[in-house]
Amino acid sequence: MAPLPVPLPVPLPVPLPVPLPVLLPALGLLLPAATLSPPGPEQLLVLTVATEGTEGYERFLRSARRFNYSVQTLGLGQAWRGGDVAHTVGGGQKVRWLKAAMAGLRERQDLVVLFVDSYDVVFAGGPRELLAKFWGAGARVLFSAEAFCWPQEGLAPAYPPAPGGKPYLNSGGFIGFAPTVWRLVERWRFRDDDDDQLFYTRLYLHPGLREELGLALDHHSRIFQNLNGAIDEVVLKFEPGRVRARNVAYDTLPVVIHGNGPTKLQLNYLGNYIPAGWSYEGGCGDCDLDLRPLEGVPEEELPWVLLGVFVEQPTPFLPQFLQRLLHWRYPPTRLRLFLHNSEVHHEPHIAAIWPRLRRRFASARLVGPEEALGAGAARDMGMALCRRDPQCQHYLSLDGDVALTHPGALRALLRQNRRVLAPLLSRPGQLWSNFWGALSPEGFYARAQDYVDIVQGKRRGVWNVPYLSHAYLVGGAALRGQLGEGPVFTRPDTDPDMAFCRHARERGLFLHVTNREEFGHLLVTSGYNSTRRHPDLLQLPSNPRDWEEKYLHENYSRIFEENLYEQPCPDVYQFPLFSEQLCEELLDEVEHYGRWSQDHHEAGAEAVALGPLGLEPAWLGALRRFLPPVTRKLFPGYHPKGRAVLSAVVRYRPHPPAPPPPAHGPPTATISLSLALSPPQGGGWRFPRYDCGVPGPPPGWALLHPGRLTHHPEVLPPPAGTRYALLTLLDP
Ligand SMILES: *[C@@H]1O[C@H](CO)[C@@H](O)[C@H](O)[C@H]1NC(C)=O
Ligand SMILES: *[C@@H]1O[C@H](CO)[C@@H](O)[C@H](O)[C@H]1NC(C)=O
Ligand SMILES: *[C@@H]1O[C@H](CO)[C@@H](O)[C@H](O)[C@H]1NC(C)=O
């Protein structure tokens, strides 16, 4: 994305707070004469601490780069000995490192040093704004402030009053002139796991020193926003072309946002929009940084990926799911497959395609229901296969109820270059998706402000979220690094996805979901009756997209686009309606049922009504959806109501049974529709009034004509073989 054209508004001149005149003489001593304006960006150095290049650190650097901060990182690659600061006191090691760094800078009168944590910090504004605000504060070292007196609550009364502001010092961020910062840190003589915040607090609370060194707190978050205890004060302010975090309690625009204490997820949320990269118009700001180019990379240099597929429940349209795996735009030589299926019902579906899957993947391994592996254990097994294989660079976990219809999905995910990245998937027309925007205090789903906009694609980008499921790519570095040896998916009292996400969050791994492209959708699995022979036939109401893909004729839309229909006799039309797959499955249901009887509507044929098979509602539902557009075109002015006198599969054979006893008067249906279920075998229908014969269309095509008052056809049995059709008399 192009850099934002508008510079950030720096509120200049900054109104100076009252105590400044008192401090001015002191400042005058420290600054070169006649420098009564803020230092320039070239006089600012950002010092931070990171022992590992976590994603939090990478995010910090990205935000620093965006605003052109010059950053020096202390401690990279060294062992952390500063204690478990997430849960208790510690952090002294940071002061030791800072002391070492400042020793070389202590003479630099003109240098301003900003010290900040990195894993849980992002910049929301640039150096000029920062320096102007620091200058305006009139301090020589300005610490961030917060609402909690930590780690020694007992020190609270020793603090000077801070009416209306945050009273207590937080050492996660401070800014000061180099010589003064040195005079603080040179006093450090403590252990690495002693508390850094307590150290700075004691110096600040020493009244003589506070005045002598010009120490102050940023009570109103003009520069530093600590989120702990202030979540409700910070809102995102969307403006054309940019987003800024605003503190609404103080009406300030903080420059450094710090997700301290238990506010990591809130920082992740804000970090999706700031630093100022994201806009309604331009999509996401950080999305295009650190992309991995894949175009033009030779096949043998593409990353190795293990695909783990999990069929853990009876799932509609699984054969379609398996079929799609054959058509990914990724070379077979770089893909392995691990498939866990816990459903006996799906064994034939998998067996039918397994030989082709084995050819499609460099290797393929199947673990079936007989191994009685739990859902969590199966996922741990799949992930471990990649972790232990030194060749394996990425692991893509994919559930059987995902319709990943974008054949280039894997490439798109790889290109984005994140450690954990899920394609956004939702149930069509619903808000149900494969991610959560926020967590409830109990660790379950909570609705984030932007959840609906993201699911509906009104905001697009790569989003750092607390929970994702169904499909996600995990990079080898995370697999062998932060995620650890596992088990990752098995935890008491949580399902495998929640266990995975919690594990990742606890280890500081970011979970990302992307909706930059359309990847596919989620299926509805409830109401799938796996005891039926062909349960997918009944899935139109639950999973309309998948039903259409499987059962609608592939040329159905050409009826409207290209007038793909025929009129073999007056007012007799034939056109493509449903797929051969639907014909086969219907026939199979009927043959299995097998109770043929004489057809009372067509002399010389045998029929099985759909009603007793439990298929009539599904059939009529499909007709109500797909027939009216056709009848509107062929019989303008006629609107089918979709009520049927009859829907039955009819069998035509060379030697018809004796004609049935006369029907009770002519049937009064408005139209008659006959869907060919088998190839025409000769024979067909004859319309005596028009002296016109129709041999019968190909399978999946429908023959449609007005009711029998005008169009009472004679059946012509096939000379040999058997012909099947599904006859429906509509709208009595
Ligand atoms: C950062 O520096 C580059 C190169 O000097 C410049 O083009 C860009 O405008 C700067 N960005 C900001 C936000 O100052
Ligand atoms: C599932 O299908 C079987 C066989 O057709 C049927 O007996 C049963 O009632 C169906 N169950 C439900 C919940 O629809
Ligand atoms: C759809 O139309 C195309 C082009 O005429 C044809 O090749 C294809 O076989 C048709 N599909 C089916 C299922 O009949």
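Counting convention: from 1, in listed order, for ligands and their atoms alike. The structure displayed is predicted, hence computed values, not measured ones. Any value given below was found using the heavy atoms of this structure, including those in side chains, with hydrogens, waters and symmetry copies removed.
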Review point. What class does the angle between the rings of F310 and H340 fall in, given that below 30° is parallel, 30 to 60° is tilted and above 60° is perpendicular?
Key: tilted
Practice item. Rounded to the nearest 0.5 Å, what's the gap from CG on N543 to CD on E549? Could you check? Key: 11.5 Å
Check your understanding: Which side chain to side chain donor-acceptor pair (under 3.5 Å) pairs, counting each pair once, include a residue from residues 426-439, with sequence neighbours left out?
Key -> S433-Y451
Review point. Which of the atoms in ligand 2, numbered in the order shown and given with their element, are less than 4.0 Å from a heavy-atom of R532?
Key: 2 (O), 5 (O)
**Study point:** Geometric cation-pi criterion, R723 with Y652: 6.0 Å, 45°
**Key:** yes
Review point. Can we say E585 and K550 salt-bridge, meaning some charged N sits less than 4.0 Å from an Asp/Glu carboxylate O?
Key: yes
**Study point:** Residues lining ligand 3 [heavy-atom distance under 4.0 Å, listed by chain and residue number]
**Key:** H553, E554, N555, R558
**Study point:** Aromatic ring pairing H349/H346, orientation class (parallel under 30°, perpendicular over 60°, tilted between)
**Key:** tilted
Review point. Under 4.0 Å between a Lys/Arg side-chain N and an Asp/Glu carboxylate O for R411 and E517?
Key: no
Practice item. Identify, by atom number and element, the atoms of ligand 2 in contact range of T531, meaning under 4.0 Å from any of its heavy atoms. Key: 1 (C), 2 (O), 3 (C), 4 (C)
